[in-house]
Q: 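Input: one structure, supplied below.
Chain identifiers are assigned alphabetically (A, B, ...) following the order of the sequence lines, protein sequences preceding nucleic acid strands; residue numbering begins at 1 within each chain.
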Amino acid sequence: MKLYDSKLQSLVDFVPLTQGKVGIYVCGPTVQSAPHVGHLRSAVAFDIIAKWLEIGHGYEVKLVRNVTDIDDKILVNATALGKDWRELASTVEAGFNEVYEALGASVAHKPHATEHIQGMISLIERLIERGHAYQADSASANVFFDTASFAGYGELTRQKLENMEGEAIGGGRRAAHDFALWKSAKAGEPETASWDSPWGRGRPGWHIECSAMTLSELGETFDIHGGGLDLRFPHHENELAQSSAAGFGFTKHWMHNGLVTVSGQKMSKSLGNGVSVEELFELGTPAAIRYWLASAHYRSSLDYSPSSLTEAVTAVARISNFVRRAGEVATSSPIELPQEFQDAMNADFNVPVALGVLHDTVRVGNTALDAADKDSVATALSQVVRMSAVLGLDLTSNEKVATAETIDLIEGLIADRNQARADKDYARADLVRAELTAMGVTIEDQAGKTVWMWSN
RNA sequence: GGUGGAGUGGCUGAGCGGCCCAAAGCAGCAGCCUGCAAAGCUGUAAAACCACGGGUUCAAAUCCCGUCUCCACCUCCA
């Protein structure tokens, strides 16, 4: 299979470093405020990538997504809210975990920055020993990475130092692009937000966290490092510099997901065009949201609009309706995935094409249903279920989940309506139907019976 | 200034030298079903001169050159 390596800027054959095993590290959120749609896109993209490597290739995948739980913004936001920063971080993280869970994009490995302070300190010491980092001056605990000492600096994003804008020299920083590895504790910051180090009390810079956590979780060398396109510079460039300068092989491949846009512009807090997760969940089921997030190739930008989400709701309903109807006459069994689907996924995880195959299969299955061709229905059903599993689409979200009383009520109304229809009292039948609709119930008159489901 | 990416039907969105008079979905239309709608299914007309102008090739949406427009990154960001 091939994947697009965003450092090499080309499609490459993917071969795990260790046979049968794949290590993936994806940059997770800084838990400073509630998640937005962009976080979900990244999570779903890499979840599908991991699932395909597991289901499609049988690899044992270790997917790591870190949590940055100490950072300037967390401290600033906590102060503004009058909260302990640790409380804010854990509350926000719980919110992230909730939506990841809802979308089926949870990960088993979630290292926290605050749990890896010692690893970061060791790594910084190693960089100083090797001549790639320096302490600002004896009076400050600031430690910077010395970009001039590392010839490969800029190779991830193909930029030259002289062309880049940089930060003002100060605080012991020798060059505009030298970046902080360790930041001296500042007056007024909570005591709990700093740690002892050989250079004095302080806290880690952002980039060193990920280098330390990849080392701890995946070792000196691993297969894939991922994250949003906006993290390429400076974050990933700096991570690469740190880990390489420390003498580690680091990641074999880089993968970056495209950003979510609104009217063509990047969704971000600073632009104030962020779409909240709540808004998304009001418009669609988790399966529909996942479908929408996956409907554009992971490297393309994905433009948000309410109508694009309702389209996804309809599309998912088409798939789940087939599964529901087919399930009445056939059972799903483990089966080979359609070749076109496998080909699409093997071509740099081309999910839009894979979704096309899924819909094609649904159409084949529906045709078979109409023709009462049970064998073909069973095959299509099995394939659809399997493809949906790879894509992580939970098709059961509008299944009948209700209390016994509610079910009795609904079934009673349906019986009333059918009695009215039998009596040719259509006015009353329509009235009952309107009542069901108001309850959020959609009914479907099939040959000889009426089935119901929750409306989308 | 530097580094990447994008411009395909009414909309979303694939394709990246011949299988493309361009996948799939949504919307539209028709048929089936229905008491009628809705829902569901099936089929399907029209609709894309593939941003624009050149070029290469037997053959280009796909390669090359130029132009225009848009986006991202170079500060924190998934």
Side-chain angles (χ1 to χ4, degrees), chain A residues 6 9 26-30 32 35-46 65 68 71-73 76 154 156-167 177 206 226-235 237 256-261 264-271 274 291-292 295-297 299-303 305 307-319 321-322 324-325 340 344 347 350-360 362-363 365-367 369-371 420-421 424-427 429-430 433-434 437 442-447 450-453 455-456:
Chain A
S6 49
Q9 295 178 10
V26 182
C27 284
T30 297
Q32 45 143 325
H36 68 259
V37 181
H39 295 107
L40 306 186
R41 154 98 127 151
S42 181
V44 166
F46 286 98
R65 183 173 60 217
T68 297
D71 163 87
D72 289 349
K73 284 210 173 144
V76 169
L156 175 64
T157 49
R158 305 196 174 190
Q159 299 186 95
K160 295 195 171 96
L161 280 171
E162 63 266 29
N163 288 329
M164 290 189 259
E165 297 157 6
E167 295 199 45
H177 291 93
W206 177 34
L229 197 54
D230 52 354
L231 295 183
R232 279 171 75 233
F233 193 92
H235 186 52
E237 189 73 75
H256 289 98
N257 63 274
L259 305 176
V260 178
T261 59
Q265 284 215 304
K266 177 185 170 181
M267 186 180 291
S268 71
K269 287 232 162 60
S270 48
L271 284 171
Y291 182 101
W292 172 68
S295 65
H297 184 91
R299 284 194 280 124
S300 308
S301 56
L302 176 67
D303 202 57
S305 72
S307 63
S308 66
L309 196 58
T310 46
E311 246 188 44
V313 169
T314 311
V316 168
R318 179 169 185 265
I319 299 165
N321 280 326
F322 165 68
R324 174 176 55 78
R325 298 204 313 148
E340 300 79 28
N350 196 330
V351 174
V353 168
L355 286 171
V357 177
L358 179 53
H359 276 108
D360 285 340
V362 167
R363 190 186 324 106
N366 278 325
T367 308
L369 268 174
D370 280 9
R421 290 168 73 207
K424 298 196 189 304
D425 183 354
Y426 297 121
D430 291 349
R433 184 168 58 198
T437 304
T442 298
I443 55 173
E444 198 174 302
D445 291 329
Q446 296 181 356
T450 299
V451 299
W452 69 273
M453 68 219 78
S455 309
N456 280 303

Q: Less than 4.0 angstrom between a side-chain N/O of A:R318 and OP1 or OP2 of B:G40, yes or no?
A: no
Q: Give a yes or no on whether a donor-acceptor pair under 3.5 Å exists between the nucleobase atoms of B:G40, that is its base, and the side chain of A:E444.
A: no
Q: What integer number of Å spans the C1' atoms of B:G17 and B:U57?
A: 9 Å
Q: Can you work out whether A:G356 or A:G258 has the more 5'-proximal nearest nucleotide on RNA chain B?
A: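 Final value for this comparison: A:G356.
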Q: Which part of the nucleic acid, if any, lies within contact of A:V260, taking any heavy atom under 4.0 Å across all strands shown: a base, the sugar-phosphate backbone alone, or nothing?
A: base
Q: Quickly work out the A:R324 CZ to B:G40 P distance and round it to whole Å.
A: 9 Å
Q: When you compare B:G55 with B:A61, how far apart are their P atoms, in angstrom units rounded to a whole number?
A: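 These two P atoms come out 15 Å apart once rounded.
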Q: Counting only Watson-Crick pairs (N1-N3 plus N6-O4 or O6-N4) and G-U wobbles (N1-O2, O6-N3), all under 3.5 Å, who is the partner of B:G43?
A: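 Pairing partner: B:C29.
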Q: Report yes or no: is there a donor-acceptor pair, N or O only, under 3.5 Å between the side chain of A:D430 and the base of B:G35?
A: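 Side chain to base: pair found, below 3.5 Å.
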Q: Is the phosphate of B:A24 approached by A:H359 (side-chain N or O, under 4.0 Å from OP1 or OP2)?
A: no
Q: Find the partner of B:A60: check Watson-Crick (N1-N3 plus N6-O4 or O6-N4) and G-U wobble (N1-O2, O6-N3) distances, both under 3.5 Å, and reply none if neither fits.
A: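 Looking at the geometry, B:A60 pairs with no nucleotide.
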Q: Expressed as a whole number of Å, how far does the C1' atom of B:A23 sit from that of B:G66?
A: 32 Å
Q: Over all strands shown, is A:I443 touching base, sugar-phosphate only, or nothing at heavy-atom distances under 4.0 angstrom?
A: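 Base: the residue A:I443, judged by heavy atoms under 4.0 Å, touches a nucleobase.
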Q: What's the gap between B:A39 and B:C32 when it is taken at their C1' atoms, as a whole Å value?
A: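 14 Å, rounded to whole Å.
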Q: A:N321 and A:R318: side-chain donor and acceptor closer than 3.5 Å?
A: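 Result is no, nothing qualifies.
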Q: With a 3.5 angstrom cut-off on both distances, give the Watson-Crick or G-U wobble partner of B:A6, or none if there isn't one.
A: B:U69
Q: Encode nucleotides 4-21 of chain B as B, S and - characters from 5' to 3', where the letter depends on protein heavy atoms closer than 4.0 Å: B to the base, S only to sugar-phosphate, - to neither.
A: S------BSSSS------
Q: Taking only N and O in the side chain of A:K266, is any of them less than 4.0 Å away from OP1 or OP2 of B:C73?
A: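 Answer is yes, contact under 4.0 Å.
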Q: Tell which nucleotide pairs with B:G1, taking only Watson-Crick or G-U wobble pairs whose two distances are both under 3.5 angstrom.
A: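 Checking every strand shown, B:G1 finds its partner in B:C74, with both distances under 3.5 Å.
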Q: Give one of base, sugar-phosphate or nothing for A:G38, where a contact means two heavy atoms less than 4.0 Å apart.
A: base
Q: Does A:K73 make a side-chain donor-acceptor contact with the base of B:C76, cut-off 3.5 Å?
A: yes
Q: Can a salt bridge be assigned to the pair A:E444 and A:R325 using a cut-off of 4.0 Å between side-chain N and carboxylate O?
A: no
Q: Using the P atom as the point on both nucleotides, what is the distance between B:G31 and B:C21, in whole Å?
A: 32 Å
Q: Would you indicate what A:D370 reaches in the nucleic acid, counting non-hydrogen atoms under 4.0 angstrom: base, sugar-phosphate, or nothing?
A: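 Contact class for A:D370: sugar-phosphate only.
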Q: If we call it a pair only when both distances are under 3.5 Å in a Watson-Crick or G-U wobble match, what pairs with B:G35?
A: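 Looking at the geometry, B:G35 pairs with no nucleotide.
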Q: If we ignore hydrogens and angles and just use 3.5 Å, is the side chain of A:H39 paired with the main-chain N or O of A:H36 as donor and acceptor?
A: yes
